[in-house]
Every structure is written in C-alpha cells, then in structure tokens.
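Here is how names work: the chains are called A, B, and so on, in the same order as the sequence lines, proteins then strands, and each is numbered from 1.
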Protein chains: 2
Amino acid sequence: MSVNLKKLAEMLGLSQTTVSRALNGYPEVNAETRQRVLSAVRETGYRPNRAAQRLATGRAGSIGLVMPIAQGIDSDVHFGEFLAGLGEEAVRHDFHFVLNPSAPEDEEQTFKRLAASGNVDALFLAYVRANDPRIAMLKSLSIPFVVHGRTIDQATDYPFLDIDNTGAFYEATRLLIQLGHRRIGLINGHGHLTFAIRRKKGMVRALDENGLAFDEALSHNSLMTDEYGYRAMERFLANPEPPTAVLCSSTVMALGAVRAINRANLTIGKDISIIAHDDVLPMLKPENFMVPLTTTRSSLRAAGARVASRLISRISQPSDAVEQELWRTELIVRASTGPAPGRK
Amino acid sequence: MSVNLKKLAEMLGLSQTTVSRALNGYPEVNAETRQRVLSAVRETGYRPNRAAQRLATGRAGSIGLVMPIAQGIDSDVHFGEFLAGLGEEAVRHDFHFVLNPSAPEDEEQTFKRLAASGNVDALFLAYVRANDPRIAMLKSLSIPFVVHGRTIDQATDYPFLDIDNTGAFYEATRLLIQLGHRRIGLINGHGHLTFAIRRKKGMVRALDENGLAFDEALSHNSLMTDEYGYRAMERFLANPEPPTAVLCSSTVMALGAVRAINRANLTIGKDISIIAHDDVLPMLKPENFMVPLTTTRSSLRAAGARVASRLISRISQPSDAVEQELWRTELIVRASTGPAPGRK
DNA sequence: CGCACAATTCAAAGCGCTTTGAAACGGTAA
DNA sequence: TTACCGTTTCAAAGCGCTTTGAATTGTGCG
C-alpha cells in the first residue's frame with residue numbers, strides 16, 4: 001500500500017491540513033515546514049489520490065471526449081491527429097483525457113454519462129452535424145465545452161472553433177475556374193457533417209458566380225480514406241464528360257484520387273488538376289506527392305491544441321463569454337493545378 | 001445540482017444502503033423495492049458520481065495509457081489505430097481510458113503518477129525498447145498491465161502481446177531470395193524499438209542462411225511516415241549498387257518508397273520488388289496501391305482489442321497468471337514482388 | 001505587563017459512494 | 001409462548017482528500 005496524506009502527516013508530526021496546504025501552495029504555511037513536507041514527499045513517493053481529490057474539490061483535471069468507435073467502424077486518422085494536438089497542450093498543464101469510446105448512436109447518452117460522472121471538467125465535441133442535438137444537450141449540462149466545427153441551421157450561440165470551410169473551397173474553386181476549368185468534381189467527407197456541407201457550399205458559390213452548375217454526378221461523400229478517394233475518382237473518370245479538375249476534402253482521399261488518375265494514364269496538373277484540403281497530417285504531406293499537391297491548409301493538430309487550451313483556461317477561470325473562432329485557411333499552390341486542357 | 005444517492009434515498013424513503021444495493025444488483029433487495037429504485041433513477045436521471053464510487057471501491061473502470069506526445073513530435077497513425085482497437089473492446093464493457101499525454105522522456109514518471117493516482121485499474125505499455133526500464137517499474141506497481149511488444153535482452157516474465165516480427169521478416173526475406181534477389185533494402189521503424197530490431201533480425205537470419213550479408217547502406221530507421229519512406233528509397237536508389245528489393249516496416253513508409261520508385265521510372269514488381277508490413281490501417285490498404293503490395297499482415301486494431309480484453313478480464317478477476325501471446329503474421333503475396341531483374 | 005494581531009497550525013466536517021454489522025420483521029419449529 | 005431463521009432494511013464507518021473555523025504561538029506596542 002502506498003503512502004497517503006494521513007500517514008505522511010503522522011510521519012512529519014503535522015496535521016493533514018498543513019501538509020495538504022503545503023502541497024497546494026497555500027501562503028499560510030511556514031517556508032521551512034513546506035520544505036520538510038516537500039522532501040518527505042520526495043522520499044516516500046507520495047502521490048495524492050486523484051479520486052479523493054476530485055471528490056473533495058469537484059475538479060478533475062481532465063477533459064472528456066467521446067471517441068466514436070464500434071466494431072466495424074473504421075478509425076479515422078483525422079481523429080488521431082486532432083487528439084495529438086489536444087495532448088500536446090494538455091501535457092503542459094498536467095491535464096489528461098477521459099476517452100470514452102462509444103458507438104455513434106449512443107453518443108448523446110455517453111456525453112450525459114460522462115458529464116454526470118464527475119470524471120471530467122470539460123467536454124469536447126467534434127464531427128458536428130448540420131442540426132446537432134448534442135449541442136443543446138451540452139448547453140444544458142453546465143460544464144464547459146468547446147465544439148470543433150459549428151452547426152448550420154441552428155443558432156451558433158456556443159463556444160466553438162471552426163475553420164472557414166466555405167471560404168477555403170470557394171477560393172479553391174475560383175482558382176480552378178480562373179484556370180479555365182468548367183467541370184469540377186468534389187470528393188468530400190460524409191454528407192451530414194457540417195465541414196463537408198460548407199465545403200460544398202463554398203464550391204457551389206464560386207460556380208454560381210461564374211454561371212456554372214454543380215454536377216451531382218461529379219460529387220462523392222464518404223469516410224475520408226484512400227480507398228474511397230480512389231473509387232470516387234474512378235467513377236468520375238468513367239463519366240462521359242469527365243472533370244478536368246477535382247477538389248478533395250482530405251489529402252488521404254487525394255492519395256486515392258491520384259492513384260486513379262495515374263492508372264488512367266492522365267497527367268496531374270495537365271490533364272486534370274487537383275486541390276485537396278490539407279489537415280497537415282505528418283504522415284502524408286502534400287509537397288511529397290509525386291506531383292506536389294495544391295492545397296487549402298489548416299492544421300488539425302493546431303486546432304486540437306487550441307481547443308485544449310481554451311478548455312483548460314475555461315476550467316480554471318469559469319466565464320460565460322462565448323468564445324468563437326473561425327480560422328482562415330491558406331490556399332497553397334503547388335504543381336497539381338494547371339490550366340484546363342485545351343486552353344492556355 | 002444533480003441528484004445524489006442521499007437525496008434519492010430520501011425521496012424514496014429508503015436508506016442509502018438499500019438504494020446502493022438495488023443499483024448494484026445485490027440479491028438481498030426486495031424485487032419490488034428494486035423496481036421502485038430503478039424507476040426513480042430513470043425519472044431523476046441520477047448518475048452515481050464516479051469519483052466517489054472509485055474512492056469507495058478502489059476500482060475505477062478505466063485503463064490508463066500514456067500517450068507519447070510533445071510539441072514537435074509527430075503523431076503516429078499506428079497509435080491511433082491501436083487505440084481504435086482498445087476502444088472497440090472497452091466500449092463493450094463500459095470501460096474508458098485515461099489518456100495521459102507525456103513527453104517521451106517523462107514517460108516513466110507519468111506511469112508512476114498514473115498508477116498512484118487511483119485513476120486507473122490497469123496500465124498498458126507500448127513502444128517497447130530493447131531493454132526497457134519501464135517494465136521493471138510496471139512490475140513493481142502492483143496494478144495489472146499488458147505490454148504490447150516485448151523486450152529483448154530482458155527476461156520476458158510479464159504479460160505481453162506481440163507479433164512474430166522476426167518470423168514475419170524472415171519469411172518475407174526468404175521469399176525475396178527465392179525470387180532471386182540478392183540485394184535487399186530495409187526501411188524500418190526507429191532502431192531502438194524492439195519490433196524494428198526483431199524485423200531486422202528476421203531479415204538477417206534469412207540472408208545468413210543463404211550466404212548473403214546485410215548491407216547497412218541499404219538500411220534505414222526512422223519514424224514511420226510517408227516522407228521518410230520516400231527519402232530512404234531515394235537514397236537506396238542512388239547507391240552504386242541499388243537494391244532489387246525492399247522491405248518496409250509499414251504501408252505508410254511503403255507509400256513513400258513507391259513514390260520514389262515511380263519517380264525513378266522503375267517498375268514495381270519487375271525492376272524492384274517491395275514487401276511491406278501491413279498493420280491493416282483502414283486508410284491505406286495494400287491491395288489499393290497502384291501495384292498491389294505484397295505484405296506481412298497483422299491487424300493492429302485486433303491487437304488493441306485483444307489487449308483491452310485481457311486487461312479488462314484481469315481487472316475483474318485478478319490473477320497472477322502471466323499470459324503471453326505471440327501472433328503469427330500472414331505473408332500475402334500480391335503484385336509488388338517478382339523475380340529479380342535479369343533472371344527468370 | 002497585558003492585549004491586539006499576524007503567522008501558523010490544528011481538529012473536524014464533508015465530498016458521495018460502498019460495505020460492515022446490526023436491527024426489524026414475519027414466519028416456523030419446538 | 002419462545003427461540004430461531006431467512007429476508008429485508010438500516011445506521012454508521014470509512015475511502016483520502018480539501019476546507020472551514022478555531023486554537024496556538026510569537027510579536028509589537030501602549
């Protein structure tokens with residue numbers, strides 16, 4: 001059995017109160033006493049029991065997140081990358097996560113349970129859908145939270161961090177149109193997720209402004225993996241009027257799309273242009289593609305770190321301010337975009 | 001403020017004891033009483049406070065893991081995939097994780113803290129090194145743990161789950177040799193990690209048996225990303241005597257290697273053969289490569305699920321049995337391997 | 001010399017739950 | 001009737017910590 005406060009106090013001939021205060025940096029403790037306590041801690045390897053601490057203070061030093069997972073559901077690299085960002089920041093404040101795996105259909109329940117459990121000080125929500133009931137629920141929970149992304153049809157009167165998805169794909173599409181492209185495909189994430197909806201919106205807007213129509217036959221929605229990227233592109237290329245350019249919602253999907261293009265013996269940047277959204281995944285850099293990829297960029301990891309930081313500061317100094325951030329993305333032109341074929 | 005046991009008991013005109021027992025399925029509670037309690041719980045939305053529960057029982061319902069992360073350290077897809085496996089299993093038992101981010105150099109400390117905190121019932125260790133001090137530490141901690149991987153120079157008298165890395169790369173190398181390859185490169189993970197060491201060992205053994213020598217100039221160790229795969233392959237190809245075949249420790253690295261090969265205008269499976277270890281990452285399937293990849297396969301996610309399952313059963317029924325599992329890998333031949341050039 | 005006051009320290013209550021040991025109750029055997 | 005028993009319920013202790021309110025000591029000053 002390891003040492004606890006009581007024993008430690010006995011050993012030192014002090015009361016638990018004093019020892020506790022010495023450890024938690026209260027000013028009313030004699031400097032010398034504090035030193036004695038600290039060195040005793042070092043000798044015995046004493047660590048406060050977090051559960052007890054939590055019960056006593058009500059604070060947990062942890063951030064709760066729901067991890068969407070179930071048998072048969074593929075893991076998402078993007079989730080991992082975001083987590084890395086959260087972690088990077090949390091480690092600096094000695095916070096940890098309570099990762100609650102949950103089947104997607106139980107998520108709402110899981111959130112409730114997590115909040116009520118007293119296990120976490122704050123919650124974090126991702127994979128936002130257009131009209132997401134989980135947000136109303138979070139608001140009712142009286143525990144700080146930050147949403148990554150934001151709803152569409154609903155009032156956005158809650159703290160969030162989102163990137164300007166509409167703007168990103170608007171700019172990207174505009175660039176393609178300027179380059180003379182008229183038929184542009186879209187390989188997107190799941191259609192019920194708001195980032196996907198907004199990206200499409202941005203694209204549609206740019207098309208509209210130029211008198212072009214969005215062609216549903218050149219549109220794909222799915223989990224963002226290499227494989228779906230490949231299949232989507234393959235399908236596009238089989239179209240009687242194949243696109244001369246394609247927008248991809250992730251470099252992971254772009255990977256598959258590129259493969260399909262190569263297999264069709266087309267040249268990227270010449271026969272067909274491609275722009276992908278780059279979440280800055282370390283394992284897959286756009287500049288390292290055979291033909292370096294033009295991208296709209298925004299670091300997912302940085303977003304994670306920022307969310308963690310906001311959550312943590314919100315915990316230490318509760319406030320009702322509804323912080324909202326909308327990050328711009330960068331449009332970085334590399335070799336995968338070029339003038340539409342038969343033009344120049 | 002939400003309902004707690006005391007209030008609930010008052011409302012029902014029962015003692016806390018009875019309510020608690022009713023909820024935890026003790027037999028000595030009148031069936032009717034139990035029903036009353038359960039419906040009251042439903043109405044009030046009562047959730048037991050986990051911290052209190054934990055303090056009282058000493059059990060936490062959670063698995064602790066240390067997430068190696070820090071600013072400037074890239075996240076690892078493989079970690080995410082393993083986590084997905086852990087999650088898949090944990091969700092079925094209503095367990096959750098305490099994810100403690102930690103800078104790699106603090107990991108030992110973090111483990112200690114985690115164990116002492118009372119926050120977790122079990123620990124999990126990955127990224128094992130040849131002679132890993134963390135294992136001795138875990139053993140001294142008197143908390144169940146499972147290691148993913150296993151040490152090399154140390155006695156392996158602790159519970160682990162590992163795959164037969166040596167065997168995997170031994171077989172793979174043998175296949176290449178049978179196909180006539182004499183110069184084989186190795187693109188591996190970090191050199192201090194045991195899986196990398198063992199894979200190299202397997203390769204060396206097969207070479208040895210055929211009178212071939214391992215050439216350090218055709219060997220690369222690093223984090224397993226696309227980019228390093230590319231650079232390594234590029235370097236190999238610049239060698240005065242480039243390899244005719246290459247072994248990759250991950251499909252992610254293979255991705256880069258393939259790119260380098262393409263860029264050099266060589267044909268995979270003809271000019272150069274490639275075999276990669278496949279962790280079954282959903283975002284990157286070997287059969288979807290331009291030239292489908294021959295692989296040694298073992299699902300990282302399945303390993304995660306298995307580790308979780310063992311950890312959980314170990315928690316519910318403590319035992320001293322030291323379970324050890326060594327999973328065989330499958331060698332799956334696809335189009336990326338062919339006879340050595342100038343032979344056949 | 002005695003009192004007010006700051007500096008330290010302490011005992012005890014309380015956080016919300018589980019669990020031990022005892023009590024209450026009706027029924028049954030003696 | 002009394003003793004005994006199984007069933008069901010309860011009061012109270014305790015998990016390890018924080019925090020409140022009081023006690024103790026030392027100091028400066030009138």
Study note, to complete from the structure: Residues in residues 8-22 of chain A with a heavy atom under 4.0 Å of DNA chain C, by number, are Gly13(A), Leu14(A), Ser15(A), Thr17(A), Thr18(A), Arg21(A)
Point to revise | Partners meeting side chain to side chain donor-acceptor pair (under 3.5 Å) with Glu323(A) (sequence neighbours left out) | key: none
Review point. Given atom CZ of Arg50(B) and atom C1' of dC15(C), what is their separation to the nearest angstrom?
Key: 18 Å
Check your understanding: How long is the line joining CG of Leu5(B) and C1' of dA12(D), in whole Å?
Key -> 15 Å
Check your understanding: Rounding to a whole Å, what distance do you find between Asn24(A):CG and dT19(D):C1'?
Key -> 11 Å
Check your understanding: Using a cut-off of less than 4.0 Å, is there contact between a side-chain N or O of Asn30(A) and OP1 or OP2 of dA7(C)?
Key -> no
**Study point:** side-chain hydrogen bond (donor to acceptor under 3.5 Å, both in side chains): pairs with one or both residues in residues 122-131 of chain A, sequence neighbours excluded
**Key:** Asp76(A)-Tyr127(A)
Review point. Residues two or more places apart in sequence or in another chain: which of them pass side chain to side chain donor-acceptor pair (under 3.5 Å) with Thr33(A)?
Key: none
Review point. For residues 33-43 of chain B, which residues have at least one heavy atom under 4.0 Å from DNA chain D?
Key: Thr33(B)
Review point. Is it true that a side-chain atom of Thr110(A) and a backbone atom of Asp106(A) form a donor plus acceptor pair closer than 3.5 Å?
Key: yes
Revision key, fill the gap. Asn4(B) CG to dC15(C) P, in whole Å, measures 8 Å
Check your understanding: OP1 or OP2 of dT19(C) sitting under 4.0 Å from any side-chain N/O of Tyr26(B)?
Key -> yes
Exercise for review: List for me each residue that meets salt bridge (Lys or Arg N to Asp or Glu O under 4.0 Å) alongside Lys6(B), sequence neighbours excluded, and say none if there are none.
Suggested key: none
Review point. Any side-chain heavy atom of Phe111(A) within less than 4.5 Å of one from Gln109(A)?
Key: no
Practice item. Write out all pairs satisfying ring-ring contact (aromatic ring centres under 6.0 Å, His included) with one or both partners inside residues 128-157 of chain B, taking only residues at least two apart or from two chains. Key: Phe82(B)-His148(B)
Revision key, fill the gap. Sorted by chain and number, sequence neighbours left out, side chain to side chain contact (heavy atoms under 4.5 Å, CB included) with Thr44(B) holds for Val3(B), Leu8(B), Met11(B), Tyr46(B)
Check your understanding: Roughly, in whole Å, what's the span from CZ in Arg54(B) to C1' in dC17(C)?
Key -> 12 Å
Check your understanding: Which sits closer to the 5' end of DNA chain C, Glu28(B) or Tyr46(B), going by the nucleotide each is nearest to?
Key -> Tyr46(B)
Exercise for review: Apply side chain to side chain contact (heavy atoms under 4.5 Å, CB included) to Ser309(B) and list each qualifying residue two or more places apart in sequence or on a separate chain.
Suggested key: Glu89(B), Arg306(B)
Practice item. Pick base, sugar-phosphate or nothing for Gln53(A), based on heavy-atom distances below 4.0 Å to the nucleic acid. Key: sugar-phosphate
Exercise for review: Would you mind reading off the bend of the helix from dC1(C)-dG30(D) to dA30(C)-dT1(D) from its two end axes, five pairs each, to 10 degrees?
Suggested key: 70°
Exercise for review: Could you tell me which residues satisfy ring pair (Phe, Tyr, Trp, His ring centres under 6.0 Å) with His78(A), sequence neighbours excluded, listed by chain and number?
Suggested key: none
Study note, to complete from the structure: note: Leu55(B), atom CG; dG14(C), atom C1'; distance rounded to Å ~ 12 Å
Check your understanding: Under 4.0 Å between a side-chain N or O of Asn49(A) and OP1 or OP2 of dG16(D)?
Key -> no
Point to revise | Non-neighbouring partners of Glu28(B) that pass side chain to side chain contact (heavy atoms under 4.5 Å, CB included), sequence neighbours left out | key: Arg21(B), Tyr26(B)
